[in-house]
Amino acid sequence: MTPPVPYPQNTAVRAEPGSFRDPANRVFHAGDDVLRGLREQAAQDWRALAATDFFPSLLAAGKVCGTEQVAPDLVPADDGGPWAAVLRHERIPFVSHPAEWSFAMLRDAALLHLEILTEAVPAGFTTKDGSAWNLQFRGAEPVFIDVGSFEPAREGEPWAGYRQFCQTLLYPLLLQAHLGVDFQPWLRARVDGIEPHQMRRLFRGVRRWRSGVLTHVHLHDSLANRHATTTGREVRGQLRHAGFSREVVLATIRSLTRLVRRLDWQPPATGWSDYQSTCGYSTADRIGKERFVDAAVADAGRSALVLDLGANDGTYSRIAARHAGYVVAVEHDAAVVDRLYRRLRGEGERRILPLVMDLADPTPGVGWRSTERAGFVTRSRADVVLALALVHHLAIARNVPLALVVDWLVDLLAGAGARLVVEFVHPEDPMAQRLIDNKPAGLHAEYRRDVFERLLGRRCVIQQRRELPCGTRTLYLGTVRD
């Protein structure tokens with residue numbers, strides 16, 4: 001990480017909305033820097049953590065986000081007074097929600113959290129919580145970001161993050177591995193994940209004997225009910241009296257690790273699994289489209305952020321990654337995203353982030369006041385947006401007015417000069433016609449190329465247009481007007 005420099009006087013320092021839950025520390029943004037203010041006890045914990053052998057090793061391996069201590073006056077004091085210490089963290093290129101991850105992504109995030117605990121506990125440390133929100137991705141690589149969660153472990157006390165780990169990581173994995181139910185809607189619905197009593201109702205009868213369910217669902221819920229009127233201090237005292245030890249905590253973590261590694265979900269074949277061979281593109285169409293995208297992104301800059309909307313198998317994300325700094329590949333089919341992630345992970349790819357999302361219903365803001373975790377549109381200020389073979393699905397299949405589709409795509413861009421690479425599938429194209437045939441006659445009369453061009457021209461300067469050889473699809477490169 002480069003040394004911090006004094007900020008210009010007009011640099012705004014703003015608090016990260018999702019960091020208020022731990023009063024011992026708070027995360028701030030100043031320009032491109034991510035800073036963490038620490039209270040006195042948190043600062044002492046940080047100094048002890050930095051002096052261990054395990055934490056610098058995790059930093060060097062990239063398993064924990066890059067972190068260094070900087071001048072405390074980089075973050076202004078708040079109502080609690082000045083910060084005892086300030087840390088500067090590596091900036092993650094694009095912040096995602098656990099509800100946007102595929103099965104393999106969530107499993108890898110869970111395993112990394114457990115790996116970090118396996119290193120921390122023997123060294124006398126633990127984490128305050130076990131939430132999936134403590135992790136992010138650099139492309140296809142998970143990384144632990146909540147450095148403020150580390151604290152010295154107290155002998156005789158259990159891992160405080162166990163319940164959160166179950167609700168936001170283990171339970172979603174059990175749901176999909178054992179029942180084949182997509183977990184994304186569950187995590188999107190509640191920022192704190194799935195409650196034990198909800199899981200218990202889903203895993204009744206013979207289902208309770210599925211791997212991990214009896215211990216981490218039924219027993220967990222029973223113990224929670226038994227101690228519902230007991231304070232946390234009383235429970236911890238009872239455990240210490242019963243001989244609960246650090247070795248028991250470590251054994252639990254190792255058991256969870258074995259369980260999570262065994263859980264698997266094989267993505268089923270779907271209508272989008274083999275899109276490249278079923279989409280109707282000829283070889284000439286495909287080559288022309290790939291060349292157009294390559295040229296459009298070529299001079300966007302090595303620091304550019306690209307959104308590939310409707311990315312499918314990632315073909316165009318890979319083309320964009322040749323030139324841009326980071327690519328977010330968004331696709332609604334969880335099976336397709338999971339396959340793409342596993343391929344990218346096997347390649348060690350850190351510049352393409354695959355995400356699961358229905359673009360007609362993108363991730364909203366969630367948590368306290370719906371701003372604790374920002375929605376997709378708020379997080380997405382891209383230098384380039386790729387919208388290839390997408391517009392007709394939104395406008396026809398999902399009945400989103402064409403004007404709203406164009407406005408939404410442009411609003412995802414960072415501002416004047418940012419680029420929109422968009423494909424318009426003509427109404428007479430076989431794929432568009434198939435969608436139109438399923439709708440009432442005349443419903444999509446405004447879905448025409450001339451209307452699309454007029455709408456696009458209102459928001460963008462159309463720099464290029466290219467007809468594909470099939471004659472029923474046109475590619476456009478537009479730059480946002482001042």
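We use all heavy atoms of the structure for the numbers below, so side chains are in, but hydrogens, waters and symmetry mates are not. Computed from a predicted model, the values in this text were never measured in an experiment.
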Item to complete: Please report the C-alpha distance between Ser131 and Asp129 in whole Å, then the side-chain angles of each, then the deciding distance to 0.1 Å, and finally whether the side-chain hydrogen bond (donor to acceptor under 3.5 Å, both in side chains) criterion is met.
Response: CA-CA 6 Å; Ser131 173; Asp129 49 34; over 6 Å; no

How far apart are the closest heavy atoms of [X] and [Y], and which atoms are they?
X: Met199; Y: Ile194; value: CG-CG2, 3.7 Å
X: Ala110; Y: Val260; value: CB-CG1, 4.1 Å
X: Leu305; Y: Ala382; value: O-CB, 3.6 Å
X: Val480; Y: Gly415; value: CB-O, 3.3 Å
X: Pro196; Y: Val217; value: O-CG1, 4.1 Å
X: Ala304; Y: Ala324; value: O-CB, 3.6 Å

Worksheet item: Quick check: are there more than 12 heavy atoms from other residues, nucleotides or ligands sitting under 6.0 Å from CZ of Arg207?
Response: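 Atom CZ in Arg207 is not packed in, count stays at 12 or less.
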
Discussion item. Around atom CZ of Arg302, are there more than 12 heavy atoms from other residues, nucleotides or ligands closer than 6.0 Å?
Written reply: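 More than 12 heavy atoms, drawn from other residues, nucleotides or ligands, come within 6.0 Å of this atom.
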
Practice prompt. Start with the C-alpha gap between Thr252 and Trp159, add the side-chain angles, then the distance that decides, and say whether side-chain contact (heavy atoms from CB on, under 4.5 Å) holds.
Written response: CA-CA 9 Å; Thr252 300; Trp159 174 34; over 6 Å; no

Between [X] and [Y], is there a side-chain N and carboxylate O pair less than 4.0 Å apart?
X: Glu100; Y: Arg379; answer: yes
X: Glu290; Y: Arg322; answer: no
X: Arg339; Y: Asp333; answer: no
X: Glu90; Y: Arg138; answer: yes
X: Asp22; Y: Lys128; answer: yes
X: Glu155; Y: Arg246; answer: yes
X: Arg26; Y: Glu16; answer: no
X: Glu195; Y: Arg163; answer: yes
X: Asp221; Y: Arg208; answer: no

Taking side chain as C-beta onward, heavy atoms only, is [X] less than 4.5 Å from [Y]?
X: Leu359; Y: Leu390; answer: yes
X: Tyr162; Y: Leu256; answer: yes
X: Glu331; Y: Val356; answer: no
X: Arg261; Y: Leu114; answer: no
X: Trp265; Y: Asp338; answer: yes
X: Leu87; Y: Leu35; answer: no
X: Thr126; Y: Leu117; answer: yes
X: Glu115; Y: Lys63; answer: yes

Discussion item. Using salt bridge (charged side-chain N to carboxylate O under 4.0 Å, His left out), reason through Arg419 and Asp383 one step at a time and then give a plain yes or no.
Written reply: CA-CA 6 Å; Arg419 302 176 175 205; Asp383 301 292; over 6 Å; no

Hey, is the main chain of [Y] close enough, under 3.5 Å, to the side chain of [X] for a donor-acceptor pair?
X: His393; Y: Ala360; value: no
X: Asp308; Y: Ser317; value: yes
X: Glu349; Y: Arg351; value: yes
X: Trp46; Y: Leu38; value: no
X: Tyr326; Y: Gly139; value: yes
X: Trp133; Y: Val191; value: yes
X: Asp313; Y: Thr315; value: yes
X: Thr52; Y: Leu49; value: yes
X: Gln167; Y: Gly193; value: no
X: Arg381; Y: Val377; value: yes

Look up atom [atom1] in [X] and atom [atom2] in [Y], then write down how far apart they are to the nearest 0.5 Å.
X: Glu372; Y: Ser19; atom1: CD; atom2: OG; result: 9.5 Å
X: Leu169; Y: Leu135; atom1: CG; atom2: CG; result: 7.0 Å
X: Glu141; Y: Leu344; atom1: CD; atom2: CG; result: 12.5 Å
X: His220; Y: Cys166; atom1: NE2; atom2: SG; result: 5.5 Å
X: Arg318; Y: Arg343; atom1: CZ; atom2: CZ; result: 6.5 Å
X: Thr168; Y: Arg190; atom1: OG1; atom2: CZ; result: 11.0 Å

Discussion item. Run the salt bridge (charged side-chain N to carboxylate O under 4.0 Å, His left out) test on Arg398 and Asp361 for me, step by step, so that the C-alpha distance in whole Å, both residues' side-chain angles and the decisive distance to 0.1 Å come before the verdict.
Written reply: CA-CA 10 Å; Arg398 305 302 291 273; Asp361 184 19; over 6 Å; no

Taking the six-membered ring for Trp and the single ring otherwise, decide whether the centroids of [X] and [Y] are under 6.0 Å apart.
X: Tyr171; Y: Phe165; answer: no
X: Phe137; Y: Trp101; answer: yes
X: His218; Y: Phe203; answer: no
X: Phe55; Y: Phe150; answer: yes

Practice prompt. Take His89 and Thr67 through the test side-chain hydrogen bond (donor to acceptor under 3.5 Å, both in side chains) and record every step on the way to the result.
Written response: CA-CA 5 Å; His89 296 306; Thr67 301; 2.9 Å; yes

Worksheet item: With Leu173, which of Asp264, Leu259, Leu106 fulfils side-chain contact (heavy atoms from CB on, under 4.5 Å)?
Response: Leu106

Worksheet item: Hey, mind stepping through Thr118 and Arg254 against side-chain hydrogen bond (donor to acceptor under 3.5 Å, both in side chains) and telling me if it holds?
Response: CA-CA 7 Å; Thr118 302; Arg254 287 171 175 161; 5.7 Å; no

Worksheet entry | salt bridge (charged side-chain N to carboxylate O under 4.0 Å, His left out) assessment of Arg342 paired with Asp108 | CA-CA 10 Å; Arg342 293 178 195 231; Asp108 285 352; over 6 Å; no

Worksheet item: With under 30° as parallel and over 60° as perpendicular, where do the rings of Phe28 and Trp83 fit, or are they tilted in between?
Response: perpendicular

